[in-house]
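Notes follow once the structure below has been shown.
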Amino acid sequence: MDRDGPLARASKGMSTATWTPDNGDGTFTNPLFYDEFSDPDLIRVGDWFYLTGTTMHAMPGLPILRSKDLVNWEFVAYALDKLDIGPAYRLEDGRNIYGQGIWAPSFRYHNGKFYIFSNINGQMTQMFTATDPKGPWTRTPMKRSFHDLSVLFDDDDKAYVVWGHQDMHLAQLTDDLTDIVPGTEHVLFTADAGMGEGAHFYKIGGKYYIISAEYAGGFRMPAARADHVFGPYEVNRSISLHEDFGMASSKRLGTPKPPFEFWGPDPAAKHSLAMHQGGIVQTPEGEWWGFSMMDFNSVGRLTDLSPITWKDGWPYFGLPGNLTRTPRTWVKPKTARPQPVHVPYRRSDDFSAPRLQPIWQWNHVPVDGKWSLSERPGFLRLHALPATSFYDARDTLTQRAIGPMSTPTVLLDASNLKPGDTAGLGLLNLPYATLGVEKRADGLDIVLFDQRPDKTVRVKMTGTRIWLRADCDFLTERARFSYSFDGVTFAPIGDEVELFYQTFTFQGIRYGLFSYNRTGAEGGFADFDNIHVYQPHTRGLMRPIPYGRSIRLTSFHATTGLAAGPMGLASAVPTRFEVVDRKLGRVALRSGRLYVTVSADGAVTLGAGQSGTVQNFQWIETPTGELVLMSLATNRFLRIDPQTRDIRADSPGPMPDDSDGTRFFWSG
């Protein structure tokens with residue numbers, strides 16, 4: 001077995017670095033993880049923050065991460081190894097739990113014990129408990145099902161639960177936390193109150209707060225507060241609104257089965273991907289921070305971090321002067337001592353460890369004895385169980401795809417496949433796509449299958465070892481498959497595969513290693529030597545800040561640019577500005593002795609003098625790589641009005657269609 005040669009050749013020139021939100025200069029860039037982490041809930045216990053989220057059908061489930069600065073996270077454990085409560089959980093009898101399973105957990109800590117309360121479709125809400133977040137965790141079914149619940153332990157040790165969709169309910173829990181106390185259930189809000197769902201329940205400064213998510217022409221986050229746990233509650237319908245970092249919605253899946261139908265994107269539906277379903281937390285240093293998720297198209301729902309500004313007793317996501325909007329790049333939370341850059345998962349794997357790395361999850365309950373890391377040391381062996389398609393194949397090992405672009409490359413030994421077997425690399429989603437090796441009576445075929453057009457491409461294979469690759473771009477929503485017999489030269493196969501956002505499984509793309517047999521019987525087995533996941537962009541900037549350089553700033557519309565003149569108008573011939581380093585990812589723009597200067601009302605001029613707050617901008621990129629400059633004087637964004645060509649720093653944030661003119665290209 002060549003431990004280094006094949007992997008080295010497959011990854012020639014490719015780094016194993018993975019996305020980190022920590023920019024290394026005292027700032028961070030959202031998302032916290034560029035792979036799916038949906039319905040997050042976050043708590044602080046002492047100096048540690050703990051985080052968990054939805055895992056649906058994937059097993060193990062309920063990952064627990066911890067951090068001391070809310071930016072750099074490490075994996076702790078899964079609260080759930082397997083959830084086996086019926087044939088659907090095992091992909092038996094033609095049934096499945098795709099898009100079901102564990103969702104919308106509530107994470108809490110009380111009197112020395114950790115609690116996770118989570119929903120499961122068709123089952124009672126489940127309670128998981130542990131005295132150590134590393135486990136062991138005990139699962140206890142509750143006696144009711146609570147949609148998108150949140151639990152609050154009050155100062156007198158009484159526990160309350162809030163739950164519901166549109167109509168939101170509240171009740172006191174019994175002492176064993178498995179049911180509600182009779183007579184305590186109240187309807188707090190009806191649908192017209194605008195509280196929606198996804199509640200997070202807190203007691204802060206003697207007041208009770210509920211933060212939730214509402215879809216009203218785009219996601220928003222409302223909040224409610226009261227002096228008593230049962231109310232009456234006052235509602236603020238927007239503590240976070242329209243924040244999507246300028247990300248535009250892609251085409252969406254409309255039907256979950258062939259023939260697939262799609263809709264969108266709708267140009268009129270601005271901010272349709274905005275932040276929602278989150279909560280707040282206070283740091284040991286006294287700062288408040290918000291967390292929430294945002295739909296990032298086919299890569300899934302991603303978790304974001306927001307500074308919180310308290311105003312009139314409400315916790316607004318955002319900064320003074322621009323409440324409800326979150327800067328994509330901002331200064332990291334204060335900590336007693338600096339925290340090193342750390343990521344929770346290693347994505348590439350040579351399968352030499354005795355256990356699977358934490359990044360891996362099965363598509364349903366795995367079949368013990370039909371997969372192994374020990375039958376052939378240094379390989380993942382997947383036995384071929386009967387299935388009609390990739391979607392209903394058991395023992396598919398998955399990891400979340402990671403953006404904004406990534407390339408998984410798998411080395412497969414197909415020498416032990418039997419007739420009817422198919423094994424390889426898949427993009428698990430709806431629709432799905434696979435590149436594998438199929439054993440037929442006349443030998444081995446390389447087979448690409450794209451479920452959307454129901455199209456198959458075959459190429460005869462020589463030998464039994466093959467590298468399979470998928471180049472995935474989650475900004476253009478396209479993937480291209482290729483294969484290699486030497487790990488160096490890759491040949492594309494078939495057409496590009498289109499990737500889609502969908503809310504039927506409520507998960508983004510997953511990279512899957514699969515092996516199944518179409519004949520209705522067990523087949524042979526596939527040996528996976530390794531997987532290498534390459535990411536070309538692993539931090540918040542696709543291009544580094546050009547400190548000390550002279551650059552031109554051109555409008556995204558490419559008709560005007562930033563000019564040193566009256567500054568009331570943009571110019572078709574942009575002026576060169578020197579980029580002055582102001583630390584923490586901030587810059588000043590200097591032309592001669594003059595600086596681009598922003599007044600309190602957002603007016604932009606050229607001014608003399610030392611660079612200060614009114615001359616400083618946070619240098620930020622949109623997810624698609626355009627530059628946006630947030631003035632520290634207004635906490636709003638510099639823009640060239642596309643119609644009037646006026647230059648101001650008054651935009652709350654980049655529009656997905658750039659109709660406000662905030663996006664720039666820069667050139668040296």
Side-chain angles (χ1 to χ4, degrees), residues 15 17-37 40 49 51 65 67 69-73 240 243-247 273-275 278 287 289-297 299-308 317-319 322 325-335 338-345 402-406 474-475 535-547 579 581-587 616-632 635 637-638 653-654 656 662-664 666:
S15 168
T18 190
W19 171 267
T20 171
D22 194 323
N23 295 316
D25 60 0
T27 69
F28 72 95
T29 295
N30 285 307
L32 291 182
F33 322 104
Y34 221 125
D35 56 338
E36 187 167 68
F37 204 103
F49 299 96
L51 177 68
L65 309 182
S67 171
D69 66 359
L70 291 170
V71 171
N72 293 285
W73 294 85
S240 179
E243 190 53 71
D244 51 25
F245 308 132
M247 189 80 164
L273 303 182
M275 288 178 171
E287 294 181 336
W289 290 84
F291 57 93
S292 57
M293 69 174 176
M294 177 183 151
D295 299 349
F296 251 61
N297 297 322
V299 79
R301 292 174 160 182
L302 312 184
T303 292
D304 300 302
L305 184 67
S306 307
I308 292 293
F317 283 53
L319 300 169
N322 198 9
R325 302 301 295 270
T326 293
R328 186 176 182 228
T329 296
W330 190 240
V331 182
K332 290 163 51 178
K334 293 178 182 178
T335 54
Q339 297 299 306
V341 176
H342 198 283
V343 295
Y345 303 107
I402 186 162
M405 304 156 195
S406 57
F474 297 103
L475 299 179
Q535 297 171 241
H537 302 293
T538 57
R539 288 201 173 177
L541 294 177
M542 296 185 187
R543 302 171 67 192
I545 301 174
Y547 294 124
V579 179
D581 183 1
R582 292 306 177 194
K583 308 304 179 185
L584 293 175
R586 296 164 177 179
V587 304
N616 290 352
F617 298 87
Q618 192 78 51
W619 185 287
I620 304 173
E621 281 186 355
T622 68
T624 45
E626 300 86 35
L627 171 65
V628 289
L629 293 166
M630 188 181 76
S631 167
L632 298 188
N635 290 322
F637 290 82
L638 188 71
T662 58
R663 300 172 192 246
F664 293 90
W666 65 266

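In this text the structure is predicted, and so the values were computed from the model without any measurement.
The salt bridge (charged side-chain N to carboxylate O under 4.0 Å, His left out) search around Arg301 returns Asp295, not counting sequence neighbours. Checked against side chain to side chain contact (heavy atoms under 4.5 Å, CB included), Val343 has the following partners two or more places apart in sequence or in another chain: Thr18, Thr20. For Trp330, the ring-ring contact (aromatic ring centres under 6.0 Å, His included) criterion is met by no residue, not counting sequence neighbours. In this view, Phe296 and Tyr34 satisfy the ring-ring contact (aromatic ring centres under 6.0 Å, His included) rule, not counting sequence neighbours. Pro546 is linked by a side chain to side chain contact (heavy atoms under 4.5 Å, CB included) to Arg549, Ile551, Val579, Trp619, Trp666, counting only residues two or more places apart in sequence or in another chain. Phe291 meets the ring-ring contact (aromatic ring centres under 6.0 Å, His included) test with His200; sequence neighbours excluded. Residues forming a side chain to side chain contact (heavy atoms under 4.5 Å, CB included) with Ser306 (at least two apart in sequence, or on another chain): Met275, Phe317, Thr326. Residues passing the side chain to side chain donor-acceptor pair (under 3.5 Å) test with Trp289 are Glu287, sequence neighbours excluded. Annotation: ring-ring contact (aromatic ring centres under 6.0 Å, His included) contacts of Phe49 (sequence neighbours excluded): none. A search for salt bridge (charged side-chain N to carboxylate O under 4.0 Å, His left out) contacts involving Asp25 returns nothing, not counting sequence neighbours. Every side chain to side chain contact (heavy atoms under 4.5 Å, CB included) that Thr624 has, sequence neighbours left out, goes to Leu475, Thr622, Glu626, Arg663. Arg586 meets the side chain to side chain donor-acceptor pair (under 3.5 Å) test with Gln618; sequence neighbours excluded.
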